[in-house]
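Hydrogens, waters and symmetry mates play no part in the numbers below; they use all other heavy atoms, side chains included. All chains are named by letter (A, B, ...) in the order of the sequence lines, taking the proteins before the strands, and each is independently numbered beginning at 1.
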Amino acid sequence: MAALSGPERERLLEEIAPELLAELTETHEHERELPALQGAEGGVVMRFAPNPSGPLHLGHARASILNDYYVRRYGGRYVLRIEDTDPRRVDTEAYGMVLDDIEWLGLGITDIVYQSDRLDIYYDWCKKLIEIGGAYVCLCDAERFRDLKLQKKACPCRDRTVDENLELWQQMLDGEFYEGDATVRVKTDLTHPDPAMRDYSAMRIVNTPIHPRVDATVFPLMNFSVAVDDHLLGITHVIRGKDHIANTGRQRHIFDYFRWKSPVYYHYGRMGISGVVLSTSSMREGIRSGLYTGWDDVHLGTLRAIARRGIEPEAVRNAMVDIGMGETDITFSWENLYARNKEVIDPKANRYFFVPDPVEVTVEGAPVHEAHALLHPGDPERGIRTLVAEGVILLPRADIAGRSMVRLKDLYNVRIAWDGDTPHLTYAGEALEDARREKAPIIQWLPAGAGIPCTLHTQDGDVEGFCEPLVAGEVGNVVQFERIGFARIDSVEDGRVSAYFAHR
RNA sequence: GCUGCUAUAGUGUAGAGGCCAAUCAUGUCGGCCUUUCACGCCGACGACUGGGGUUCGAAUCCCCAUAGCAGCACCA
C-alpha cells in the first residue's frame, strides 16, 4: 500500500470501499468526550472562582475550561465568582485583567459576583452558625491553638455559651479587636484523624491593608464564604484541583450545619507546567526589576503571554479538554498544546518568507525574475505574493552553509562556490527537476532592498532578519514563516516588524 | 510525622473482570504528496510501578510495598 502513489490509492479505495473515501476528505475533528457528571442531566450551575491577584495563567485555564465544558454540555449557568476576601491578595489591576483573560478564553459566563460585595451575607450566616452552636469566637493566638489542635484538645474558648459568642462576634464587627486577636472557628470533630479538619477558621480580622473595594476589617475565610456562596448561588457541581480536597471536607461541615444539599465535587490532579514562570509574586517581582517586559512576557505562563505568542484560545481549550480532570498528577505538555494550536492556525496562517541572519549575495548571470508564491498552499484562491529578483538577494546564512547548490523557492536554482567563508552564487536555471535531482534544498529568500527588517522574538532570544513587506499588514495575525514556523505579528514600528515565535 | 488521593507508551488519554498480546491524540522514525523541514495521507515504534491474593479468567476487585502529589494557615 505504501508503495502506491496517492491517486493510485484513491482509485483502489474507490473500488473497494467508496464510503471510506468520502470520510477521508473530511477533516478529522477529535472531539474528546469527557466523562458524564453525576446528576447533571437537568442542567448544571458551575463556577469559576479566581482570586484577583494577577492575570490568569494556564492553571486557571484548566479549571475554567473544564467547568465551561460541562456547562456547555449540560446547559445551565456559569458563575464567575471573584474571590477577593483577602485584602492582602487583592491587586486592583487584576480585576480587569481577569475579566480580559476570561473574554479571551471565551468562557460562557452567565453571572458575575464579587465576594467583597457580599460581606453582609457572610456576617449574617456566621451569626446564624454561632446561634446554632456551630461556631465560636476564639481568642487564642494562632500558635497556641495549633498546638492544642494537634493534640486533639479543645481550646478554652470552645466552651463559651452561644450568647457569649454572639457578643464577642458583635465586638469583632464593631472593631473592638485587632488583627490576630479574635477569629471565628467552626466547631468540627476535634478527634478527626486529619488535623486539617479540626475547628478551622471561618472569619478573621484584617486591619491592613485596606480593601480596595470595601470598607471592612472582618473578612470570611474561603471555606466559609465558598460554602455559603456555593449554596446561595445554587452551585450543583464543582470541578477543582486536588489542593482543595481538604477544603471540600471543611466546607461540608457548613453544609451539614445548615442542612444544605452540597454540590458534587471533582478534584483533578496536580498539573506541573515547566518552562515558564507561573507564580504571581515572582512574575510581579520580575516585571518590577525589568527581567520581564510585562504580564505578557513570553517567559511567563500567563494567558496573555501565550496569546502574544500566537496561541489561540481554541487550542488552549482543546488541550485542556484533552487533559480532562483525571486525578493523576500530570506534566503539562507544550508539545501537545502546539499540536492543537497548529490545527487551528495552519488553515488560517498566510505564508511568508523570513530570512534570519541574512547574507547579501549577487547571483551571477541571473535574469530579472518575478516570483509568485501562494499566500496559502492549501487555498490558492487567497492569492499570491509577488517578489521581484533582480540579482541581489538575501539568503539565510545557516541554510546555505556548506551547500553547493540550493533552489530559491518559487524562483530558480543557484550554484554556490565557496571562497573561504564567502559564497559566490551563479544562476543555475529554472528547472525544478534539476534541484530535485541534486537534492538541493529549497529555501526562502528575499530581494535585497525589498524586504523589511524583522525581529523574531523567541523564548531563547531575538532573531534578526528581513521579511516580506506584506507581513506589515498582518499585525495581530499569526503567519507562517516558511521553513521556520508560525509566528504572531505583534507590531510594526518605523517600518520594522516585531514578531513572536509560536512553534514549528 | 499525621491524613488523604493517584499510579496505562516520551507526553496526554481511553479502559469501570472475559470483546485488551490494550484505544485515541501527540511525538519519533520511514514512505507518499508537495517549489516550506507546513498541511494531508500511509506505515512503524512505544505502556498496564512491583509483589501477593480473589476468580475458570484482572489493566480493571482486595492487600502489601514503592513512587508521586495534596493538605495539616486567622491564603485562595
| query | So, for A:Gln251 and A:Val226, which heavy atoms are closest and what is the spacing to 0.1 Å? | reply |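 What the structure gives for the nearest pair is OE1-CG1, 3.3 Å.
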What's the closest nucleotide to the side chain of [X] if the choices are [options]?
X	options	answer
A:Asp399	B:A38, B:U11, B:C37	B:C37
A:Arg32	B:G71, B:U13, B:U36	B:U13
A:Arg340	B:U3, B:C74, B:A25	B:A25
A:Arg270	B:A76, B:A70, B:U6	B:A70
A:Ser201	B:C72, B:C74, B:U35	B:C74
A:Lys342	B:A76, B:C39, B:G4	B:C39
A:Asn247	B:A76, B:U35, B:C74	B:A76
A:Asn336	B:U11, B:A38, B:A76	B:U11
A:Arg407	B:A76, B:U26, B:U35	B:U35
A:Arg351	B:U36, B:A76, B:G4	B:U36

Could you work out the separation of [N] and [M] based on their [atom1] atoms and round it to a whole Å?
N	M	atom1	answer
B:U13	B:U23	C1'	9 Å
B:U8	B:A67	C1'	16 Å
B:G12	B:A7	P	13 Å
B:U26	B:G40	P	8 Å
B:C69	B:U49	C1'	16 Å
B:U11	B:A65	P	26 Å

| query | Going by number, which of residues 480-488 of chain A have a non-hydrogen atom under 4.0 Å from RNA chain B? | reply |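 Nucleic-acid contacts, sorted: A:Gln480, A:Glu482, A:Arg483, A:Phe486.
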| Within 45° cone of A:Trp334 ring axis and under 6.0 Å: A:Arg504 NZ or CZ |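 So A:Arg504 doesn't make the cation-pi contact.
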| If you draw the axis of the six-membered ring of A:Tyr412, does the NZ or CZ of A:Arg407 fall within 45° of it and under 6.0 Å from the ring centre? |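 Negative - A:Arg407 is either too far from the ring of A:Tyr412 or too far off its axis.
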| request: Indicate, yes or no, whether a donor-acceptor pair under 3.5 Å links the base of B:G10 to the side chain of A:Glu335. | output: yes
| query | With respect to the phosphate group of B:A38, does any side-chain polar atom (N or O) of A:Arg504 fall under 4.0 Å of OP1 or OP2? | reply | no
| query | Is the phosphate of B:A76, meaning OP1 or OP2, less than 4.0 Å from a side-chain N or O of A:Thr85? | reply | yes
| field | Pairing pattern in dot-bracket form [Watson-Crick, G-U; both distances under 3.5 Å; | = partner strand] for RNA chain B | value | (((((((..(((.....[.....)))((((((.......))))))...(((((..]....))))))))))))....
Determine the contact category for [X]: base if any of its heavy atoms lies under 4.0 Å from a base atom, sugar-phosphate if only primed atoms, P, OP1 or OP2 are that close, otherwise nothing.
X	result
A:Ala339	sugar-phosphate
A:Arg436	sugar-phosphate
A:Pro52	nothing
A:Pro377	base
A:Ile323	sugar-phosphate

| Test: A:Asp399 and A:Arg483 ion pair at under 4.0 Å |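 Judged by the 4.0 Å cut-off on N to carboxylate O distance, A:Asp399 and A:Arg483 do form a salt bridge.
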| query | Is it true that A:Asp434 and A:Arg437 have a side-chain N and a carboxylate O under 4.0 angstrom from each other? | reply |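 A salt bridge links A:Asp434 with A:Arg437.
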| message | Any donor-acceptor pair under 3.5 Å linking the side-chain atoms of A:Asn341 with those of A:His503? | response | yes
| Considering residues, nucleotides and ligands other than A:Ile210, do more than 12 of their heavy atoms fall under 6.0 Å from its CD1? |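 Count not over threshold, so no.
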| query | Over how many whole Å does the gap from A:Asp243 atom CG to B:A70 atom P extend? | reply |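 It works out to 9 Å between those atoms.
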| query | Over how many whole Å does the gap from A:Glu433 atom CD to B:U34 atom P extend? | reply | 12 Å
| task | Select from A:Ser333 and A:Asp84 the residue whose nearest nucleotide in RNA chain B is closer to the 5' end of that strand. | result |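 Closest to the 5' end, via its nearest nucleotide, is A:Ser333.
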| query | Does A:Glu33 or A:Pro50 map to a spot on RNA chain B nearer the 5' end, using the closest nucleotide for each? | reply |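 Upstream on the strand: A:Glu33.
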| Centroid-to-centroid, A:Tyr265 to A:His237, below 6.0 Å? | no
